[in-house]
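Heads up: the structure comes next, in structure tokens.
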Amino acid sequence: MDSHTFFFFFFLVVVFSLIEVAISNSKVPVPNITVVGVVYCDACSNNSFSTHSYFLPGAEVRIDCKFKAASPRTTEQISFSVNRTTNKHGIYKLQIPSVDGINCAKEESQVLNTCRASLIRSTSPACNVPAFITTSNQFSVKSKQANLCIYSLYALSFRPSKKDLAICG
């Protein structure tokens with residue numbers, strides 16, 4: 001192999017390595033806050049998930065969140081509202097990228113940071129009457145080392161317009 005061919009191949013390897021590094025550095029950062037929840041059909045209208053209940057794909061949910069900056073010298077607050085649609089398992093999810101000044105994993109952030117979800121619409125004609133329509137209760141999983149938080153909101157539900165006595169008794 002002559003020197004021109006060797007340098008050409010060497011140049012290609014270097015260029016492809018630089019492109020790979022640039023692509024890996026431009027990836028979207030890992031979100032540090034995730035909000036998740038589920039929507040189900042309360043088929044027997046008993047205000048709980050029963051044998052005849054099922055998760056609702058395609059339901060629309062509105063998520064409202066407020067996060068307060070961790071600094072005692074400021075009253076900065078970030079508030080936003082987004083709509084999400086449940087997936088085929090009835091799960092909705094919102095991923096929030098890292099925001100400067102927001103530390104979700106601090107103990108005092110339990111009161112300062114809140115998210116709530118509200119039902120908007122069901123895509124199921126058989127189960128489209130709102131039952132549990134809003135939730136702000138949640139439990140969270142936190143990692144202080146990485147400032148990662150998962151807010152898991154309690155379930156929301158729709159119910160049928162008429163109770164099916166054949167299956168619900």
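If you read the sequence from its start, that first residue is 1, and numbering goes on from there.
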Please report, to 0.1 Å, the donor-acceptor pairs under 3.5 Å made by any side chain of residues 120-130, with sequence neighbours excluded.
unit_1: Arg121; atom_1: NE; unit_2: Glu60; atom_2: OE2; d: 2.9
unit_1: Arg121; atom_1: NH2; unit_2: Glu60; atom_2: OE2; d: 2.4
unit_1: Ser122; atom_1: OG; unit_2: Ser124; atom_2: N; d: 3.1
unit_1: Ser122; atom_1: OG; unit_2: Cys127; atom_2: O; d: 2.8
unit_1: Thr123; atom_1: OG1; unit_2: Pro57; atom_2: O; d: 3.0
unit_1: Ser124; atom_1: OG; unit_2: Ala126; atom_2: N; d: 3.4
unit_1: Ser124; atom_1: OG; unit_2: Cys127; atom_2: N; d: 3.3

Enumerate donor-acceptor pairs with a distance under 3.5 Å from any side-chain N or O in residues 159-169 to protein atoms, sequence neighbours excluded.
unit_1: Asp164; atom_1: OD1; unit_2: Ala166; atom_2: N; d: 3.0

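Minimum interatomic distance between Ala43 and His52 (heavy atoms only, all atoms of both residues): CB-O, 3.2 Å. Considering every non-hydrogen atom in both Val39 and Ala59, the closest pair reads CG1-CB, 3.9 Å.
To the nearest 0.5 Å, atom CD1 of residue Ile133 and atom CZ of residue Arg62 are 13.5 Å apart. Going from atom OH of Tyr92 over to atom CG of Asn87 covers 12.0 Å, rounded to the nearest 0.5 Å. Atoms OH and CD1, from Tyr151 and Ile63 in turn, are 13.5 Å apart once rounded to the nearest 0.5 Å.
Residue pairs meeting the salt bridge (Lys or Arg N to Asp or Glu O under 4.0 Å) criterion with at least one member in residues 39-59, sequence neighbours excluded, do not occur.
Under the side-chain contact (heavy atoms from CB on, under 4.5 Å) rule, Gln95 has a single partner from Thr34, Val35, Ile33, which is Thr34.
Residues satisfying the side chain to side chain donor-acceptor pair (under 3.5 Å) criterion with Thr51, sequence neighbours excluded, are absent altogether. With sequence neighbours excluded, the residues satisfying side chain to side chain donor-acceptor pair (under 3.5 Å) with Ser118 are Thr134.
A donor-acceptor pair is defined here as one N or O able to donate and one able to accept, closer than 3.5 Å; such a pair exists between the side chain of Thr86 and the backbone of Leu56.
Residues Phe158 and Cys41 are not in side-chain contact: their nearest non-hydrogen atoms beyond the backbone lie 4.5 Å or more apart.
Alongside Phe49, the hydrophobic cluster contains Val38, Tyr40, Phe55, Ile91, Phe132 (criterion: ILVMFWY side chains under 4.5 Å).
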